[in-house]
Every structure is written in C-alpha cells, then in structure tokens.
Peer 1: 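Below is the structure I would like to discuss, written out as structure tokens.
Just so it is clear: chains get the letters A, B, ... in the order the sequence lines come, proteins before strands, and each one is counted from 1. Heavy-atom basis, side chains included; hydrogens, waters and symmetry copies ignored.
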There are 2 protein chains.
Amino acid sequence: MKLRRDVFQAIADPTRRTIISLVALQAMTPTAIAENFDYSRQTISKHIQILTECEILEQEQKGREIYYQLNPNGMKEIAEFIEPFRKLWDDRFNKLESVMKKYQSKK
Amino acid sequence: MKLRRDVFQAIADPTRRTIISLVALQAMTPTAIAENFDYSRQTISKHIQILTECEILEQEQKGREIYYQLNPNGMKEIAEFIEPFRKLWDDRFNKLESVMKKYQSKK
DNA sequence: AATTTGTGCAGTCAAATAGTTGCGCTTATA
DNA sequence: TATAAGCGCAACTATTTGACTGCACAAATT
C-alpha cells in the first residue's frame, strides 16, 4: 500500500470515516477499533496508519498499547474547501450572517 | 472505469476538485474545462461524468454544447460529515455562537 | 451536401488501493 | 522465565482508478 498523505483521499474510504467517528468519541487502541469491523486487525491497522500520516489521528503510547485519538485540525483542509460552497446552500449560515450585520450595526 | 457514485470519492481527486472550483465561477462546456488541464479532453470528460453522477455538477444542453454548472447541494453530505468536528477547532464558529447568545439575550 | 466541432462511449493499460497472511518485536502476565 | 497479547512491517493478490486512443453521432458551419 502506498499510503498517500492526502486528507481528501483519507476521507474517501468509508471504513476510515467510521474509524474517525469512533475515535472522535474516545481514544481507542487498534485492536479495539478493529473489533467494530469484519476486516482483519492488520487491515484496520493500515487504515489507522493512513489516518495518522494525514495527521487526522494522533498516537499516545501506554505500555504496550497505543491509544489513537482524533486531531480535528487534520480535517481543516476539507472544511476550507467546502466552506465557499456552504454559503450557496446553507440557510442557517445566511441567517447567522444577517444576525452578525444587525449586531455590528448596533454597536 | 467503475464510476462510483460517492461524493467523498469524487472529492478525493485533485483534478475533480479543481473542476468544481472552475465551474463554481461559471457554467462551462467540457472542452472549455479541459483547456485548463494538461490531460486529454476524454479524461476530463470522465471526471465530469463522475461529478455529474454524484450530482455535484448539472448539465444544461445548448445546441450541441453542454454547459456544466455546480450543484452546491451535492456537497452537503461532506459538510455534514465535517460539521461535528468543525466545532472542535473553529474559533470563528465559537465567536459566532457567542454573538448569537448576546444577540438573543438582547431581544 | 460535405466538413468541422463538441460530446460521449468503449477498450486498453499501468499504477494505486484495499484486502489478505505471516513474521518479529515489545510488553504484560502466569 | 515462558507464554500470551498488542502492534507494526513485509510480501502477495485482486480490484479499482485514472490515464490514454479510437470511434460514432449530432449539431453547426462552409
């Protein structure tokens, strides 16, 4: 496996998205993560490796166990790509913006 | 090519991301889009096909030309995935939220 | 009517991806 | 100290991807 360091590529795989959602709730070891899937531990381990190289996950060694936790910063790049388009559909965003204007005009 | 109908897969390719950004500015024909790349027209055409099947792009036939335009709704799914994590890093989001609270307490 | 232009579709091919198993290292535990 | 558990790395394989070329077809243009 070539392990591209590209956040968009990392997010493209549904298994990896599930891993992200799992780890977002609490730090987990690879074995614990793998128990949530029908794939082998090594396969999940490779997905974890990809996510780690993209800096979406972070390691914390505890004895022989390695706990992986989410680094939300890793997904900024994706959010920055989406952001300009969000304005085109998200009514809530527009409401927030109008609220901002009202608020600023009051000061 | 298998042409998976998966928005995350669609976004994973840098060429396709560039196409999205181009078309966001104005509707364009495949040939016009392809002129921005060093790839063949057919290659770009396939990328356009993938984006269209994911409903990120929309067609509008005009004579023998087909204009492709952005359907921002197509990227909602990605935004919805990112959204929960955004709160973990986006200071601006927190500021907006606090502004909201101030504004609401004033009314 | 003949030619050019804009598209999409089919087939081919190399490279990347996602899965597997096996192995070895390190750290707990019996 | 021997054994089991947790983990990463290496080697292998099937499938998918992303690029190419060639072709067919419809709509303008000459």
Side-chain angles (χ1 to χ4, degrees), chain A residues 1-23 26-71 78, chain B residues 1-23 26-71 78:
Chain A
M1 205 185 286
K2 200 211 159 193
L3 308 176
R4 235 207 278 175
R5 291 174 186 269
D6 181 318
V7 192
F8 290 94
Q9 190 68 25
I11 290 290
D13 187 273
T15 302
R16 288 197 285 268
R17 289 200 298 278
T18 305
I19 292 175
I20 291 173
S21 297
L22 280 172
V23 173
Q26 56 177 324
M28 292 172 81
T29 64
T31 304
I33 294 170
E35 281 169 0
N36 293 277
F37 299 91
D38 284 335
Y39 302 123
S40 73
R41 182 190 59 77
Q42 286 85 346
T43 294
I44 298 300
S45 191
K46 288 202 176 176
H47 285 304
I48 293 173
Q49 191 184 348
I50 291 170
L51 292 170
T52 305
E53 295 191 356
C54 292
E55 300 182 336
I56 292 176
L57 296 188
E58 284 174 345
Q59 300 184 354
E60 191 180 356
Q61 186 103 31
K62 285 191 179 175
R64 70 179 162 182
E65 294 185 328
I66 299 177
Y67 282 85
Y68 286 87
Q69 60 183 6
L70 187 69
N71 171 20
I78 296 171
Chain B
M1 208 183 286
K2 199 209 161 192
L3 307 175
R4 237 207 277 175
R5 293 174 184 268
D6 182 320
V7 193
F8 290 93
Q9 192 68 26
I11 292 291
D13 187 273
T15 303
R16 288 197 285 268
R17 289 200 298 277
T18 306
I19 292 175
I20 290 173
S21 298
L22 279 171
V23 173
Q26 55 177 323
M28 293 173 80
T29 65
T31 305
I33 294 170
E35 282 168 1
N36 293 277
F37 299 91
D38 285 335
Y39 301 123
S40 74
R41 182 191 59 75
Q42 286 86 344
T43 293
I44 297 299
S45 191
K46 288 205 174 176
H47 284 306
I48 293 172
Q49 190 184 347
I50 291 169
L51 291 170
T52 304
E53 295 191 355
C54 292
E55 299 183 336
I56 293 176
L57 296 188
E58 283 173 346
Q59 300 185 354
E60 192 179 355
Q61 186 102 29
K62 285 192 178 176
R64 70 177 161 180
E65 296 184 328
I66 299 176
Y67 283 85
Y68 286 88
Q69 59 183 8
L70 188 69
N71 170 21
I78 295 171

Peer 1: Would you kindly give the CD1-to-C1' distance between B:I48 and C:dG8, to the nearest whole Å?
Peer 2: 11 Å
Peer 1: Looking at C:dG19, D:dT17, C:dT7, which one has an atom nearest to any side-chain atom of A:K46?
Peer 2: C:dG19
Peer 1: Would you mind reading off the distance between A:Q61 atom CD and C:dC25 atom P, rounded to a whole angstrom?
Peer 2: 17 Å
Peer 1: Counting only side-chain N and O atoms of B:T43, is one of them less than 4.0 Å from OP1 or OP2 of D:dC20?
Peer 2: yes
Peer 1: To the nearest Å, how far apart are A:Q49 CD and C:dA16 P?
Peer 2: 17 Å
Peer 1: May I have the distance from A:M28 (atom CE) to D:dC7 (atom P), rounded to whole angstrom?
Peer 2: 11 Å
Peer 1: Round to a whole Å and report the spacing from OH of A:Y67 to P of D:dG8.
Peer 2: 13 Å
Peer 1: Between atom CD1 of A:I11 and atom CD1 of A:I50, what is the distance when rounded to the nearest 0.5 Å?
Peer 2: 11.5 Å
Peer 1: So which nucleotide from C:dT7, D:dT21, C:dG19 ends up closest to the side chain of B:S40?
Peer 2: D:dT21
Peer 1: Whole angstrom is fine here: how far is it from NZ in B:K62 over to C1' in D:dA26?
Peer 2: 19 Å
Peer 1: Considering only D:dC7, C:dT7, D:dA19, which nucleotide approaches the side chain of B:Y39 most closely?
Peer 2: D:dA19
Peer 1: Atom CD of B:Q9 to atom P of D:dT17: distance rounded to whole Å?
Peer 2: 6 Å
Peer 1: Could you work out which one of D:dG8, D:dA19, C:dT7 sits closest to the side chain of B:T15?
Peer 2: D:dA19
Peer 1: Under a 3.5 Å distance rule, please check whether B:T52 uses its side chain to pair with a backbone N or O of B:I48 as donor and acceptor.
Peer 2: yes
Peer 1: Write down the distance between CZ (A:R64) and C1' (D:dG6), rounded to a whole number of angstrom.
Peer 2: 6 Å
Peer 1: Would you say A:E65 and A:Y67 are linked by a side-chain donor-acceptor pair, where the criterion is simply a distance under 3.5 Å?
Peer 2: yes
Peer 1: Will you find, in the side chains of A:Q59 and A:Y68, an N or O donor that is under 3.5 Å from an N or O acceptor?
Peer 2: yes
Peer 1: What's B:Y68 touching, base or sugar-phosphate or nothing? Going by heavy atoms closer than 4.0 Å.
Peer 2: sugar-phosphate
Peer 1: By nearest nucleotide on DNA chain C, pick out whichever of B:I66 and A:D38 is the more 5' one.
Peer 2: B:I66
Peer 1: Which residue, B:E65 or A:Q42, contacts DNA chain C at a nucleotide closer to its 5' end, judged by nearest heavy atom?
Peer 2: B:E65
Peer 1: Should A:S45 be listed as having a side-chain N or O under 4.0 Å from OP1 or OP2 of D:dC7?
Peer 2: no
Peer 1: Classify the side chain of B:R16 versus the base of D:dG18 as yes if they form a donor-acceptor pair under 3.5 Å and no if they do not.
Peer 2: no
Peer 1: So what does B:T31 hit on the nucleic acid, given a heavy-atom distance under 4.0 Å: a base, only sugar-phosphate, or nothing?
Peer 2: sugar-phosphate
Peer 1: Specify the closest pair of heavy atoms between B:I56 and B:A10, including all atoms of both residues, with the distance to one decimal.
Peer 2: CD1-CB, 4.1 Å
Peer 1: Would you say B:H47 places a side-chain N or O within less than 4.0 Å of OP1 or OP2 belonging to D:dA19?
Peer 2: yes
